[in-house]
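The structure appears right after this line, and notes come after that.
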Amino acid sequence: MRKTVLWVLAILLTGTSLRADEGMWLPSLIAQRIGDMQAKGFRLSAEDIYSVNQASLKDAVVLFGSGCTGELVSRDGLLFTNHHCGYSYIQRHSSVEHDYLKDGFWAQSRAEELPNPGLTVSFLDHMDDVTAVILQGYDASMSEAERDSVVRSNSAKLIEANTDPSQGLKASVESLFYGNQYFLFVFRVFRDVRLVGAPPSSIGKFGGDTDNWMWPRHTGDFSVFRVYAGADNAPADYSPENRPYQPRMFFKIDRRGVKEGDFTFVYGCPGSTQEYVMSEQVRYVGEVSDPRKIDLRTRRLEIQKKYMSQDPAVRIQYASKNATLANAWKKWQGEARGIARMKTVASKQAYEARFREWAKGTRYEGVVDRLGAIYARRNPSYLAYEYYNETVRSIEIVQFAAGILSRLKSGSPTTSLIEAFYKDYYEPIDREVFASMVAAFNEQLPATFQPVWLLEKLGRYSSVEAWRDSFYAETVFTDRSKVEALTKADIGRLLEDPAIEMSEAFLAWHREQIQPVIRETNEALRPANRLYMQGQMAFEKDKAFYPDANLTLRVAYGHVAGYEPVDAVYYRPVSTLKGIIEKDNPDIFDYNIPQTLRDLYAEGGLEDQPVCFLATNHTTGGNSGSPVLNADGHLIGINFDRVWEGTMSDIAYDPAICRNISLDVRYLLFVIDKIGHAGYLFDEMVFVD
Ligand code: ARG
Ligand code: ASP
């Protein structure tokens, strides 16, 4: 009782504290938040999080590949990320004989660690606010195009000055707050990254797409890699002579576990959010785009599922494609429902009404209506573009044909593309997708937003299926040996191939009818959104704003917490091995655990082995694999997901329901030891407990 009173008091006093776990903050500016972090339990300083003078936590965090996060956990470059982040690499090393996806993989020595051509990890060397440099030469009388060219040329100079391939240094300039601020990011990019281990999918992807985005969750979503460097500890191309990279910092591991209320902190690379868009754009996402795309993907997923369940080879071939497809499909469902449930469109409209009042007579007057008009002009074309992406561009043979043609034109080799394509291609799936997607495109979009070429084509056949049958009978691209024999001299003839013809017809339609509207409205949106962002910051002077995510390094902090998904139900924040055994079912692919795990459990004493936990950290796609740290900056978990009911956090964060899902580091250690028998890896880790 006394506690409740104190809580209410605390909330009343701080006012904004209810929203306080929202936010993805820039590490170099974290001094502005450190007071709040410390008040909530954090025991380190801003310099510990980010420093250019000394080793800091940022030196142990990487952008893994181009869309995930990873963290260093030993002085020999050992790295943790998610299983789903390493998935396509694990798949590439897998075949029916060595099915590392299904059975897992553990290198028994460093010599057995597997190289992954093309995979990089990027460490942030430093970041700086370069707004003044980027806008040098710009004045307010300039047009948007002139401003763009100033920004572009200043950025190019800055990037050039900060890039040094011999040191693996790569720079980028990113716009924040819709171009109200610019930051320079300089990364050290390592390109010899090897696979050390992965649990079997029955652990790493336990629950599959059924449990994806859901709580209670029991997925052991991790994989282990190692970063290698040249003799000088600098980035180098793969070479057997390379040595494990010695990082400036790595995370120590705390095995004492978490409980509700504990401070947590996620350090990683969130990909993309749109927290400050106007109501009309939220309406488009929640009421138009998401529902339409969900329907298109449902059809493709059903087709894939049918063939995958019939044949284990097809299951492996389509495993990664299917997971990627299903992932966004399910996220969009949660997002659309979340937007509706939170009434975000209405609350943004109410906000906009207050903003309009306040903006009268200022430079912000009219900006909301201007934005509304631009979105209204843009969205029908944008929807056609999204349909094009989700339908025609999902026909694998058409995409492949386009890829081969462009390589032949530019004279680049086609071998690796041919290899990769046929390894994972199953024609019966593609044929069904073709018929289903072409029909959906044709039936669901207004005729004025379709290529005339398509309408004529469909007019010539009795049905989509009839067109499809002649299409696959005629195209050369279903025949590997014929594709291998193609040379530059065949380009003229290829233009008559149905797959090329289709890809070219749609490209031309997109270029001539769709893209111009999108480009023109994007150009109009840029200054309008920049002004509206500025306006929002002026309107709410006392609010702390964080920039939308753009795959740059961020800090999100909060605490371990459960939530109420629906009336009368409370989800506790920690899941255990007991729940895995409850879900275990040898007849259901997603829930069929390894026999070893059943046997271990039967021996007793493992009921309370923690598996995953929930917290209020504001995360998004790209945060997968991020280190989850405790108040002392020690590793307690690995972020891998959010709860379904809260996926609208990319647009609107609800502190009552938005939760990130992390793997408890103790389950990772348990799996390495008891399932992978790779406990020797512990020798290089440091435990603080
Ligand atoms: N939902 C998580 C994220 O967006 C995990 C996805 C991988 N898992 C899966 N079953 N598809 O990336
Ligand atoms: N699963 C996501 C990722 O791969 C994380 C999220 O969207 O919460 O980055």
Side-chain angles (χ1 to χ4, degrees), residues 22 24 61-71 80-91 101 198-215 217-223 264 266-274 297 300-301 304-305 308 315 318-335 338 549-554 556 558 583 588-591 612-628 637-651 653 657-663:
E22 173 177 355
M24 304 170 171
V61 185
V62 296
L63 176 67
F64 180 87
S66 53
C68 276
T69 307
E71 56 275 1
F80 291 160
T81 187
N82 289 147
H83 185 259
H84 78 262
C85 294
Y87 201 65
S88 62
Y89 304 100
I90 306 167
Q91 188 202 351
L101 275 186
S201 287
S202 52
I203 286 180
K205 204 178 175 224
F206 178 77
D209 288 309
T210 318
D211 281 13
N212 190 22
W213 300 110
M214 300 292 236
W215 190 258
R217 186 67 157 277
H218 301 88
T219 313
D221 198 343
F222 76 97
S223 55
T264 56
V266 173
Y267 209 156
C269 311
S272 154
T273 57
Q274 349 177 29
R297 289 206 174 186
R300 274 161 77 196
L301 286 165
Q304 291 183 351
K305 196 165 101 197
M308 287 170 81
R315 184 175 55 66
Y318 278 74
S320 190
K321 293 175 189 172
N322 186 266
T324 308
L325 206 61
N327 192 43
W329 167 78
K330 196 158 178 185
K331 185 211 147 170
W332 292 329
Q333 297 176 41
E335 182 174 80
N550 57 355
L551 216 59
T552 58
L553 203 55
R554 302 294 176 92
K583 286 179 181 172
I588 300 176
F589 183 77
D590 286 344
Y591 295 122
C612 296
F613 64 87
L614 293 176
T616 59
N617 303 292
H618 190 183
T619 55
T620 185
N623 266 124
S624 272
S626 299
V628 185
I638 301 179
N639 184 73
F640 70 95
D641 212 358
R642 277 170 290 163
V643 301
W644 192 64
E645 299 88 347
T647 50
M648 70 295 185
S649 63
D650 291 350
I651 289 176
Y653 182 94
I657 218 157
C658 291
R659 299 288 178 268
N660 63 314
I661 308 181
S662 304
L663 170 68

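Values in this document were obtained by computation on a predicted structure and should not be read as measured data. Counting starts at 1 for both ligands and their atoms, in listed order.
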(message) Can you tell me how far apart NE2 (His84) and CG (Asn212) are? Round to the nearest 0.5 Å.
(response)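 Here the rounded value is 8.0 Å.
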
(request) Output the distance between atom CH2 (Trp644) and atom CD (Gln333), rounded to the nearest 0.5 Å. (result)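 The CD atom of Gln333 is 6.0 Å from CH2 of Trp644, to the nearest 0.5 Å.
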
(message) If you apply the rule side-chain hydrogen bond (donor to acceptor under 3.5 Å, both in side chains), what do you find for Asn660 with Asn639, and how did you get there?
(response) CA-CA 7 Å; Asn660 63 314; Asn639 184 73; 3.1 Å; yes

(request) Provide, to 0.1 Å, the distance between atom 4 (O) of ligand 1 and the closest protein heavy atom, together with that atom's residue and name. (result)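 For atom 4 (O) of ligand 1, the nearest protein heavy atom is Asn327 ND2, 2.9 Å.
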
(request) Note the single closest protein heavy atom to atom 11 (N) of ligand 1, along with its residue, its atom name and the distance in Å. (result)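 Heavy-atom neighbour on the protein nearest atom 11 (N) of ligand 1: Asp209 OD1, 3.0 Å.
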
(request) Mind checking whether Phe640 contacts ligand 1 via backbone (N, CA, C, O), side chain (CB onward), both or neither, at a 4.0 Å heavy-atom cut-off? (result)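 The answer is the backbone.
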
(request) With heavy atoms under 4.0 Å as the rule, classify the contact between Lys331 and ligand 1 as side chain, backbone, both or neither. (result)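 Under 4.0 Å from ligand 1, Lys331 contributes no heavy atoms.
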
(message) Name the residue from Lys330, Lys583, Arg217 that meets the salt bridge (charged side-chain N to carboxylate O under 4.0 Å, His left out) definition with Asp211.
(response)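 That would be Lys583; it is the only one of Lys330, Lys583, Arg217 passing the salt bridge (charged side-chain N to carboxylate O under 4.0 Å, His left out) with Asp211.
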
Could you pull out the N/O contacts under 3.5 angstrom between ligand 2 and the surrounding protein atoms?
{"residue": "ligand 2", "atom": "1 (N)", "partner": "Ser624", "partner atom": "OG", "Å": "3.0"}
{"residue": "ligand 2", "atom": "1 (N)", "partner": "Phe640", "partner atom": "O", "Å": "2.9"}
{"residue": "ligand 2", "atom": "4 (O)", "partner": "His84", "partner atom": "NE2", "Å": "2.9"}
{"residue": "ligand 2", "atom": "4 (O)", "partner": "Ser624", "partner atom": "OG", "Å": "2.4"}
{"residue": "ligand 2", "atom": "7 (O)", "partner": "Gly621", "partner atom": "N", "Å": "3.1"}
{"residue": "ligand 2", "atom": "7 (O)", "partner": "Arg642", "partner atom": "NE", "Å": "3.4"}
{"residue": "ligand 2", "atom": "7 (O)", "partner": "Arg642", "partner atom": "NH2", "Å": "2.8"}
{"residue": "ligand 2", "atom": "8 (O)", "partner": "Arg642", "partner atom": "NE", "Å": "2.8"}
{"residue": "ligand 2", "atom": "9 (O)", "partner": "Gly622", "partner atom": "N", "Å": "2.5"}
{"residue": "ligand 2", "atom": "9 (O)", "partner": "Ser624", "partner atom": "N", "Å": "3.1"}
{"residue": "ligand 2", "atom": "9 (O)", "partner": "Ser624", "partner atom": "OG", "Å": "2.8"}

(request) Looking only at non-hydrogen atoms, find the nearest pair between Tyr267 and Pro627 and report the distance. (result)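 Smallest interatomic distance, heavy atoms only, reads O-CD, 3.0 Å.
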
(message) Considering both backbone and side-chain atoms of Asp221, is one of its nitrogen or oxygen atoms within less than 3.5 Å of a nitrogen or oxygen in ligand 1?
(response)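 Looking only at distances, the answer is no, because the N/O contact criterion of under 3.5 Å is not met.
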
(message) Using a plain distance cutoff, I'd like to know if Asp641 has any nitrogen or oxygen under 3.5 Å from a nitrogen or oxygen of ligand 1.
(response)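 Yes: some nitrogen or oxygen of Asp641 is under 3.5 Å from one in ligand 1.
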
(request) Identify, by atom number and element, the atoms of ligand 1 in contact range of Lys205, meaning under 4.0 Å from any of its heavy atoms. (result)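 Answer for ligand 1: 9 (C), 10 (N).
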
(request) Considering the heavy atoms of Gly208, write down every atom of ligand 1 situated less than 4.0 Å from one of them. (result)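 So the atoms of ligand 1 that pass are 10 (N).
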
(request) For the residue pair His218 and Phe206, categorise the inter-ring angle as parallel (less than 30°), tilted (30 to 60°) or perpendicular (more than 60°). (result)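 Perpendicular.
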
(request) State, yes or no, whether a side-chain contact exists between Val643 and Ile661 at a heavy-atom distance under 4.5 Å. (result)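 In short, these two side chains touch, coming nearer than 4.5 Å.
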
(request) Would you mind checking if Lys305 and Asp209 are paired as a salt bridge, meaning a charged N to carboxylate O distance below 4.0 Å? (result)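 Result for this pair is no, no salt bridge flagged.
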
(message) Given Leu551, which partner from the list Thr620, Thr69, Leu63 fulfils the side-chain contact (heavy atoms from CB on, under 4.5 Å) test?
(response)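 Looking at Thr620, Thr69, Leu63, the match for Leu551 under the side-chain contact (heavy atoms from CB on, under 4.5 Å) is Leu63.
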
(request) Test side-chain hydrogen bond (donor to acceptor under 3.5 Å, both in side chains) on Thr619 and Asn617 and set out the steps. (result) CA-CA 6 Å; Thr619 55; Asn617 303 292; over 6 Å; no

(message) Check contact between Gly621 and ligand 1, using heavy atoms of the residue and a distance below 4.0 angstrom.
(response)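 Checking ligand 1 against Gly621, which is what was asked, there is no heavy-atom contact under 4.0 Å.
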
